[in-house]
Amino acid sequence: MSGKRKEIYKYAAPWPVYSMNWSIRPDKRFRLALGSFLEEYNNRVQIVSLDEEKGEFALKSYFEHPYPTTKVIWIPDSKGSLPDLLATAGDYLRIWRDRK
């Protein structure tokens, strides 16, 4: 048997999740963007990542988003050489830059 382990991690968002997407950047492993579904104008997108030492997901940042995000996607950057961008769609397309 190889040295691989099967592990299950959980993260409970503070609201119903409507959209999510994994980042594939090698320098930011196990990072996930989560979009809320709140029946009001003000919604939120959270960026969470796995704290491998603690064995749990932790909130890294968040931002306010008008209307729920119907789609959220990280820029497909498997080499980590492009700007760290996140696209969301709701009432229209928005491009966000993660500076952390």
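If you're wondering where the values come from, they're calculated on a predicted model, not measured in any experiment.
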* Under the side-chain contact (heavy atoms from CB on, under 4.5 Å) rule, what do Leu34 and Val45 come out as? Steps first, then yes or no, please. => CA-CA 5 Å; Leu34 304 163; Val45 174; over 6 Å; no
Sub-4.5 Å side-chain heavy-atom contact between Leu86 and Asp98
no
| said: Please evaluate residues Arg31 and Ser49 with respect to the criterion side chain to side chain donor-acceptor pair (under 3.5 Å), reporting the C-alpha separation (whole Å), side-chain torsions for both, the decisive distance (0.1 Å), and the verdict. | reply: CA-CA 4 Å; Arg31 184 174 59 158; Ser49 65; over 6 Å; no
Answer yes when Arg29 and Glu52 have at least one side-chain N-carboxylate O distance shorter than 4.0 Å, and no when they do not.
-> yes
#### Entry: Side chain Asp77, main chain Leu82, donor-acceptor under 3.5 Å
yes
Does the Asn21 side chain pair with the main chain of Ala33, one donor and one acceptor, at a distance under 3.5 Å? no
Worksheet item: Given side chains that start at C-beta, do those of Phe37 and Trp15 come closer than 4.5 Å, heavy atoms only?
Response: no
In terms of heavy-atom contacts, Pro83 and Ile75 come closest through O-CG2, 3.5 Å
d(Thr88 OG1, Ile95 CD1) to nearest 0.5 Å is 7.5 Å
Considering only heavy atoms from C-beta outward, does the side chain of Arg44 approach that of Ser36 to under 4.5 Å?
yes
**Asked** Mind checking whether Lys28 and Asp84 have side chains closer than 4.5 Å, heavy atoms only?
**Response** yes
### Task
Hey, can you tell me if Trp96 and His65 have their rings parallel, tilted or perpendicular (30° and 60° cut-offs)?
tilted
inquiry  = Over 60° means perpendicular and under 30° means parallel, so tell me whether Phe57 and Tyr11 are parallel, tilted or perpendicular.
reply    = perpendicular
Looking only at heavy atoms, the pair that brings Pro66 and Asp91 closest together is O-OD1, 4.2 Å
Original post:
Under 4.5 Å between side-chain heavy atoms, hopping through other hydrophobics if needed: is there a path connecting Trp74 to Phe63?
Top reply: yes
Note to self: Check this for me: Glu39, atom CD, are more than 12 non-hydrogen atoms of other residues, nucleotides or ligands nearer than 6.0 Å?
What the structure shows: no
- Message: With a 3.5 Å distance limit and no angle check, can you tell me whether Thr69 reaches the backbone of Ala89 through a side-chain donor-acceptor pair?
- Response: no
When clusters are formed by joining ILVMFWY residues with side-chain heavy atoms under 4.5 Å apart, either directly or through shared neighbours, do Leu85 and Met20 land in the same one?
no
Hydrophobic clustering (ILVMFWY, side-chain heavy atoms < 4.5 Å, transitive) - are Val17 and Phe30 grouped together? yes
Correct closest heavy-atom pair for Ser19 and Val72 would be OG-CG1, 3.4 Å
When rounded to the nearest 0.5 Å, the distance separating NZ of Lys60 from CG of Asp51 is 6.0 Å
Interatomic distance, OH@Tyr62 vs CD@Glu64, rounded to 0.5 Å, equals 6.5 Å
I'd like to know if the side chain of Arg25 reaches the main chain of Gly80, judged simply by a donor and an acceptor atom lying under 3.5 Å from each other, with no hydrogens or angles considered.
yes
To the nearest 0.5 Å, atom CG of Leu32 lies from atom CH2 of Trp22 at 5.0 Å
Distance col, row Ile47:CD1 vs Ser61:OG, nearest 0.5 angstrom, shows 5.0 Å
